[in-house]
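One structure is given below, encoded as structure tokens.
Within every chain, numbering begins at 1; the chains are lettered A, B, ... in the order of the sequence lines, protein sequences first and strands thereafter.
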There are 2 protein chains.
Amino acid sequence: MPDEKKPAFAGNITADDVAAEAGVSRWTVNRAFRKDASISSKSLEKVRIAAERLGYVPDLRAASLASDRSNLVALLIDDFANPHKLVMMERLTRILRREGWDILLVNTLDRADAGHALLNASQRRVDAVILIGIQFDDDVLDTALHARRFRKLIIFARTSRNPNTISIAVDDVHAMREIANYVHERGYRRPMFLAGPRTSSAHLLRKETFVDYWRQHFGSEPETVAVSAYDPELAAKVVETTLSARKKASLPDILVCENDALAIGATDVIRHKLGLRIPEDIAITGFDDVPQAEGANYRLTTYRQPLTDMAEYLVEVLDSREDRDFDRLFRGKLTVRESA
Amino acid sequence: MPDEKKPAFAGNITADDVAAEAGVSRWTVNRAFRKDASISSKSLEKVRIAAERLGYVPDLRAASLASDRSNLVALLIDDFANPHKLVMMERLTRILRREGWDILLVNTLDRADAGHALLNASQRRVDAVILIGIQFDDDVLDTALHARRFRKLIIFARTSRNPNTISIAVDDVHAMREIANYVHERGYRRPMFLAGPRTSSAHLLRKETFVDYWRQHFGSEPETVAVSAYDPELAAKVVETTLSARKKASLPDILVCENDALAIGATDVIRHKLGLRIPEDIAITGFDDVPQAEGANYRLTTYRQPLTDMAEYLVEVLDSREDRDFDRLFRGKLTVRESA
DNA sequence: TTTAATTTTGCTCCCGCGTGCAAATGTCTA
DNA sequence: TAGACATTTGCACGCGGGAGCAAAATTAAA
């Protein structure tokens, strides 16, 4: 009695095998695995059973090839030093997966590499590219968009003025004004703004907004300092070299940081290297509300982005077949803690 | 003169289009994009130019379908609260991409979801699955392996006793003994071990090793406490409830933590909630050497995993067509700072 | 210069599934 | 129960490119 049962090893079970097993045609089998399928519950059941027995799962490569929809999006990141990225990835992967989207994770190694990263994604024929990094200049975006290798290029958590790009972000202007008002209300008068890297395209309007608003409404011109990456360690170095030489009287009374990554680095160095108290000697605000901002060590006053709402809107955008302007700004929430 | 030039919009440029443009056959075009190709430099040049002009990029879905190699690996994660994951992702994405591998990022939502996550990956016909999370029980692994949906199932940065699985990890036993010796040498006598969640399969041997070793060599039985996830916030809570009620004399003199995520949470709560000094009142050790361990705030004595070596070995494993035992343990490095 | 060895090129036949339509089957009403 | 309509099912063809071999072109040897 040679090979009574099929080999348990599923060399490659295709829809044809399942069709034979279930006594239907291949197309019926495939239909059973599509949600919009028009199929009788009877044959659906037959197919399910046969597929189960054979261990069949549809091949998404083939499906994608035939249908020209991959249900795959590329997620391009570069600044892995920013702890907020972990939060964003968690939220995006969770929600995208729930809605049937898979994610190709691409590490954009450096600015020169952005083009390669995009090309990489295009070879997999992703339906969209999501940028949550920082090193994307307009020329790279334009090249990518010109080649039209993907239908949608989404800049997440960052506003962009590029008209061919979809930007889903928090309303930086509104947020920064709220922070400025709060800072002033609490009695701070000599703010210093700690900014991140400037890129020509995907830009944060936080620094500009804060500085302009403060000047217009409260008279004085805030100092500003820039860090070349959203990296706590780098921020710490910059803050140290900027502040350590100063006399106590000429120190700012508050450090308004472009995001929590910078604020965290600043906090550490202010406390441990400069030996100052927060908020008594210098107060600090951040932006993003990363998990550790809430912890006992930082208790950071910051601004929370509505990431879940943003991710859900992102899915909407991905699913949409329209060709309208998808840009959208969200309102976040000022979260007050003890740091300012 | 109707449509003199081709539409700039690359609806879908295929190898056929390029072949026509370059005056060669389709197969020559495809060969031009494979690195092992046997092609004359003359036609390679012609193809390159034509491809450039038309904006052609080979379709990896089709290539994968035809060749049965996708050059895609799935990366399954669940514990996004652990900052070390960010480091691991950075390293893996960097090295894998450099070697021509793309990454499918899958968020394993919870333990019950692991099966779905695996199935998800299998539908894309990934060449391998890499697990860097924690919620993978043996039954899930066995199901996945039994279905034989991928050639390799790699457990990264965690040892596994499952014989069908490839484990690339640091030698926990060696590392923990080194830590235990160091702790004892420094004069600590009442250690408490702060452990993470226990899963039946992908297991860390750190707690067992430390406790056994300490008992055997130094007589006393260390206390142990467990946290249900590698999450600093959770660790903080557990440590607070465990230690806050005790008199100072009955406190441990050192907290040996299974990894930095726990150590960070513990540090915060010990300093800010219990009002104790580190290391004078309680010392702390971690494991992983996350970026913030080096920062001014934590200065954590910890153990660094050779992630780059491990990732490079991972690539070797992926590329190999042999069927041998790939399990491998690496030696890391004890990194001493001020916390212990 | 002719023949043999070698490299390059073209081609047939798949890979596994979706699209759109026609045939078949089922359901409802009069 | 026949006719009209709705639902299911089957099928030819195509998506873009790889494997392996045969034909053609190029190079080396005699």
- prompt: Pick the nucleotide of DNA chain C nearest each of Gly23(B) and Ala62(B); which residue has the one closer to the 5' end?
  reply: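 Comparing both residues, the 5'-ward one is Gly23(B).
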query: Closest nucleotide of DNA chain C for Ile39(B) versus for Ala66(A): which of these residues is on the 5' side?
result: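 The answer here is Ile39(B).
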task: Provide the start and end nucleotides, 5' to 3', of the part of DNA chain D that has atoms under 4.0 Å from heavy atoms of chain B.
output: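 Range of nucleotides touched by chain B: dG16(D) to dA19(D).
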task: Look at atom CZ of Arg324(B) and say whether more than 12 heavy atoms of other residues, nucleotides or ligands are closer to it than 6.0 Å.
output: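 It does: Arg324(B) CZ has more than 12 such atoms within range.
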field: Atom CZ of Arg48(A) with >12 non-hydrogen neighbours under 6.0 angstrom
entry: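 For Arg48(A), atom CZ is not crowded (no more than 12 foreign heavy atoms under 6.0 Å).
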Would you mind reading off the distance between [X] atom [atom1] and [N] atom [atom2], rounded to a whole angstrom?
X         : N       : atom1 : atom2 : result
Arg26(B)  : dC13(C) : CZ    : P     : 14 Å
Arg124(B) : dC15(C) : CZ    : P     : 21 Å
Asp59(A)  : dG16(C) : CG    : P     : 7 Å
Asp17(A)  : dG16(C) : CG    : P     : 9 Å
Leu65(A)  : dT19(C) : CG    : C1'   : 13 Å
Lys35(A)  : dG18(C) : NZ    : C1'   : 15 Å
Asp16(B)  : dC11(C) : CG    : C1'   : 13 Å
Arg31(B)  : dG10(C) : CZ    : P     : 8 Å

field: Ser122(B) versus Val57(A), closest heavy-atom pair with distance
entry: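 So the minimum-distance heavy-atom pair works out to OG-CG2, 4.0 Å.
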Considering all heavy atoms, the nearest Val170(B)-Pro306(B) contact: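 Val170(B) and Pro306(B) have their closest heavy atoms at CG2-CD, 4.1 Å.
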task: Ignoring backbone atoms, test whether Ser38(B) places a side-chain nitrogen or oxygen under 4.0 Å from the OP1 or OP2 oxygen of dT8(C).
output: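 True: Ser38(B) side-chain N/O within range (under 4.0 Å) of dT8(C) OP1/OP2.
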- request: Please state whether the phosphate of dT7(C), meaning OP1 or OP2, lies under 4.0 angstrom from any side-chain nitrogen or oxygen of Ser40(B).
  value: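 Looking at the OP1 and OP2 atoms of dT7(C), neither is under 4.0 Å from any side-chain N or O of Ser40(B).
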field: Polar pair under 3.5 Å, donor/acceptor by atom type, side chain Trp27(B), base dT8(C)
entry: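 Side chain to base: no pair below 3.5 Å.
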message: Can you tell me how far apart CG (Asp78(A)) and CD1 (Ile132(A)) are? Round to the nearest 0.5 Å.
response: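 It comes to 9.0 Å.
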- prompt: Touch check for Tyr56(A), heavy atoms < 4.0 angstrom, all strands: base, sugar-phosphate only, or nothing?
  reply: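 Sugar-phosphate: the residue Tyr56(A), judged by heavy atoms under 4.0 Å, touches backbone atoms but no base.
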message: Under 4.0 Å, counting only non-hydrogen atoms across every strand here, what does Ser64(A) touch: a base, just sugar-phosphate, or nothing?
response: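 No contact at all - Ser64(A) keeps every heavy atom at 4.0 Å or more from the nucleic acid.
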- prompt: What about Tyr313(A) and Phe326(A), are their ring centers closer than 6.0 Å?
  reply: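 Not under 6.0 Å, so no.
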task: Return the nearest nucleotide to the side chain of Ser25(B); candidates are dT9(C), dC17(C), dC15(C).
output: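 Nearest nucleotide to the side chain: dT9(C).
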query: Would you say the side-chain atoms of Asp102(A) and Asn71(A) include a donor-acceptor pair closer than 3.5 Å?
result: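 There is no such pair between these side chains.
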